[in-house]
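Numbering of residues begins at 1 and proceeds along the displayed sequence. Hydrogens, waters and symmetry mates are skipped; everything else that's a heavy atom, side chains included, is used.
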Amino acid sequence: MRPLFTGPLTVETVTVPICDLPQRLEGCRIVQLSDFHYDGQRLSPRLLQQAVDRVNQLAPDLIALTGDYVTRDPTPIFELVTYLSQMKSRFGTVAVLGNHDNVTLEGRKLILRSLQQAGIYALWNDIAYPLGNDLPVVGLADLWSREFHPAPLLNSLPPAQPRLVLAHNPDSAERLAPWRVDLQLSGHTHGGQIVLPILGPAAALMQSSRLAVLAKLPRLKRNRFKIVRHWEWISGLHRVGQNQLYVNRGLGSYAPGRWGCPPEVTVLELVRG
C-alpha cells in the first residue's frame with residue numbers, strides 16, 4: 001500500500017558539541033539521510049531526487065546514511081545507488097545497514113557491495129576514518145541482528161578519543177551506554193510517522209495498548225512486539241547518559257502516510273564542547 005500523504009521535505013539543522021573535537025573540524029557539517037525503503041511504493045523518485053539535490057546544495061563535509069535502503073527485496077538497491085552516487089561531500093559518504101537490509105545474508109551482502117561499488121564507506125561492524133584518524137566513524141551491525149557486537153570496536157579506540165557511531169536502531173544507545181559515544185546517528189523510527197498534538201506518536205499509543213493485552217497471554221513475550229522500546233528517542237537530539245543520540249525521521253513512508261512528521265534531511269554541525 002502506498003502512503004497517501006508524506007508532507008514536504010524538511011531540513012533540520014542541529015549544533016552538536018563534541019568534547020575534544022579537533023580544532024580543524026570545528027564547524028564540520030554532517031548531513032544525515034535514513035530509512036529510504038526504496039521499493040517502488042514507499043519513496044517516490046521525485047522526493048528522493050529532491051533530497052539528493054538538497055544535500056548537494058548544503059555542501060556537507062560528510063554524508064551519513066543510517067539504513068533501511070530497501071524493504072524486503074534487495075534488488076532496488078541497484079537503482080537507489082544511482083541516486084546516492086549523485087551526492088557530493090568533502091569527505092565522502094559513510095553508511096550502515098538497517099533491519100530491512102538484513103532480511104537474508106545474501107541480500108545484506110548485495111546491499112553492502114552495491115554501496116561500496118558506488119564509492120560509499122558501507123560499514124557492518126567496522127571503523128572508517130573519512131574525517132581523519134582523530135575522529136573515527138564506527139559503523140555497527142543492526143541491533144536486531146545476531147552480529148551486534150559493539151565491544152570489540154569501541155574497546156579498540158583510545159578512551160580519550162572522540163568518535164561518531166552509526167547505528168540504525170536508536171534503542172542501541174542503551175546498549176552503548178558503557179562506552180564513550182560523542183554522537184550516535186540513528187533512524188528506524190520514521191519519527192512515528194503520525195504524531196498527534198499533545199498525545200505524541202500514534203504508533204507508541206497503539207503499541208502500549210497492544211502490549212497491555214498481550215502481556216496477559218502467558219506464552220507471548222512482550223519484547224517480541226516492540227518495534228521501538230525507547231519512544232522518548234523517536235526523533236531529534238537526545239542525551240543518553242554521557243552520550244548523545246540523534247534520530248532522523250527518514251524519507252520513506254508506510255501507509256497511511258505521515259502527519260505532523262515530514263521526511264527529513266538533517267544537518268549536524270559539530271562544535272568544540
Atom [atom1] of [X] and atom [atom2] of [Y]: how far apart are they, to the nearest 0.5 Å?
| X | Y | atom1 | atom2 | value |
| --- | --- | --- | --- | --- |
| Thr93 | Leu115 | OG1 | CG | 10.0 Å |
| Ile18 | Arg272 | CD1 | CZ | 11.5 Å |
| Asp35 | Asn248 | CG | CG | 7.0 Å |
| Tyr246 | Glu12 | OH | CD | 5.0 Å |
| His168 | Leu140 | NE2 | CG | 13.0 Å |
| His188 | Ser34 | NE2 | OG | 10.0 Å |

Measure the shortest side-chain to side-chain distance between [X] and [Y] over non-hydrogen atoms and say whether it is less than 4.5 angstrom.
| X | Y | value |
| --- | --- | --- |
| Pro256 | Ile194 | yes |
| Arg258 | Arg249 | yes |
| Leu185 | Leu164 | no |
| Leu47 | Pro263 | yes |
| Val267 | Pro60 | no |
| Met87 | Leu33 | yes |
| Tyr83 | Phe36 | no |
| Leu58 | Arg29 | yes |

Checklist entry - Do His37 and His190 have their ring centres less than 6.0 Å from each other? => result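 When the ring centroids of His37 and His190 are compared, they turn out to be within the sub-6.0 Å range.
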
Next on the checklist: Taking atom CZ as the centre, does Arg239 end up with more than 12 heavy-atom neighbours from other residues, nucleotides or ligands that are less than 6.0 angstrom away?
Outcome noted: yes

Item to check | Stepwise salt bridge (Lys or Arg N to Asp or Glu O under 4.0 Å) test for Arg42 and Asp68 | outcome: CA-CA 12 Å; Arg42 294 169 181 85; Asp68 278 1; over 6 Å; no

For [X] and [Y], which heavy atoms make the closest approach, and how far apart are they?
| X | Y | answer |
| --- | --- | --- |
| His100 | Val70 | CB-O, 3.4 Å |
| Gln161 | Arg163 | O-NE, 2.7 Å |
| Ser145 | Asn102 | CB-ND2, 3.5 Å |
| Ala167 | Ser186 | O-OG, 2.5 Å |
| Leu65 | Leu166 | O-CD1, 4.4 Å |
| Leu110 | Phe78 | CD1-CZ, 3.4 Å |

Does [X] belong to the same Ile/Leu/Val/Met/Phe/Trp/Tyr cluster as [Y], with side-chain heavy atoms less than 4.5 Å apart forming each link?
| X | Y | answer |
| --- | --- | --- |
| Val16 | Val11 | no |
| Ile77 | Leu251 | yes |
| Val247 | Ile234 | no |
| Val94 | Phe91 | yes |
| Leu245 | Ile30 | no |

Next on the checklist: Under the criterion side chain to side chain contact (heavy atoms under 4.5 Å, CB included), I'd like the reasoning laid out for Val271 against Glu26: C-alpha separation, chi angles, the key distance, then a yes or no.
Outcome noted: CA-CA 5 Å; Val271 297; Glu26 174 79 23; 3.6 Å; yes

Next on the checklist: Using the rule given for side chain to side chain contact (heavy atoms under 4.5 Å, CB included), can you reason through Leu270 versus Leu25, listing the C-alpha separation, both sets of side-chain angles and the distance that settles it, and then say yes or no?
Outcome noted: CA-CA 7 Å; Leu270 308 185; Leu25 292 176; 5.8 Å; no

Checklist entry - Quick one: which of Leu154, Leu176, Val181, Val96 gives a side chain to side chain contact (heavy atoms under 4.5 Å, CB included) with Val138? => result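 Answer after filtering Leu154, Leu176, Val181, Val96: Leu154.
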
Checklist entry - Run the side-chain hydrogen bond (donor to acceptor under 3.5 Å, both in side chains) check on Asn155 and Trp179 step by step: do they pass? => result CA-CA 8 Å; Asn155 287 339; Trp179 294 279; 2.7 Å; yes

Main chain of [Y], side chain of [X]: is a donor-acceptor contact present, judged purely on distance under 3.5 Å?
| X | Y | answer |
| --- | --- | --- |
| Gln86 | Asn56 | no |
| Asp101 | Gly107 | no |
| Ser114 | Ile111 | no |
| Asp171 | Arg229 | yes |
| Gln193 | Tyr254 | yes |

Next on the checklist: Between Arg108 and Asp142, does any NZ, NE, NH1 or NH2 come within less than 4.0 Å of an OD or OE carboxylate oxygen?
Outcome noted: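 No salt bridge links Asp142 with Arg108.
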
Checklist entry - In terms of side-chain heavy atoms, does Gln57 have a donor or acceptor partner in Asp53 at a distance below 3.5 Å? => result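 Note: Gln57 and Asp53 side chains miss the donor-acceptor criterion.
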
Next on the checklist: For the residue pair Glu264 / Ser235, report whether a side-chain donor-acceptor contact shorter than 3.5 Å exists.
Outcome noted: no

Checklist entry - Can you check side-chain hydrogen bond (donor to acceptor under 3.5 Å, both in side chains) on Gln116 and Arg113, steps first, answer last? => result CA-CA 5 Å; Gln116 290 163 353; Arg113 184 167 61 250; over 6 Å; no

Next on the checklist: I'd like to know whether Arg180 forms a side chain to side chain contact (heavy atoms under 4.5 Å, CB included) with Gln242, so could you lay out the CA-CA distance, the side-chain angles of the two residues, the decisive distance to 0.1 Å, and finally the verdict.
Outcome noted: CA-CA 8 Å; Arg180 173 176 180 169; Gln242 297 300 311; over 6 Å; no

Item to check | Counterpart residues, side chain to side chain contact (heavy atoms under 4.5 Å, CB included), relative to Arg72 (two or more places apart) | outcome: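 Only Val103 meet the side chain to side chain contact (heavy atoms under 4.5 Å, CB included) criterion with Arg72.
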
Checklist entry - Which ILVMFWY residues are connected to Leu105, directly or by a chain of links, through side-chain heavy atoms under 4.5 Å apart? => result none

Next on the checklist: Please evaluate residues Leu62 and Tyr121 with respect to the criterion side chain to side chain contact (heavy atoms under 4.5 Å, CB included), reporting the C-alpha separation (whole Å), side-chain torsions for both, the decisive distance (0.1 Å), and the verdict.
Outcome noted: CA-CA 11 Å; Leu62 182 70; Tyr121 295 96; 5.9 Å; no

Anything under 3.5 Å between a donor and an acceptor, one on a side chain of residues 123-133, the other on a protein residue two or more places apart or in another chain? List them.
residue : atom : partner : partner atom : Å
Trp124  : NE1  : Glu147  : OE1          : 2.8
Asn125  : OD1  : Ala141  : N            : 3.1
Asn125  : ND2  : Glu147  : O            : 2.5

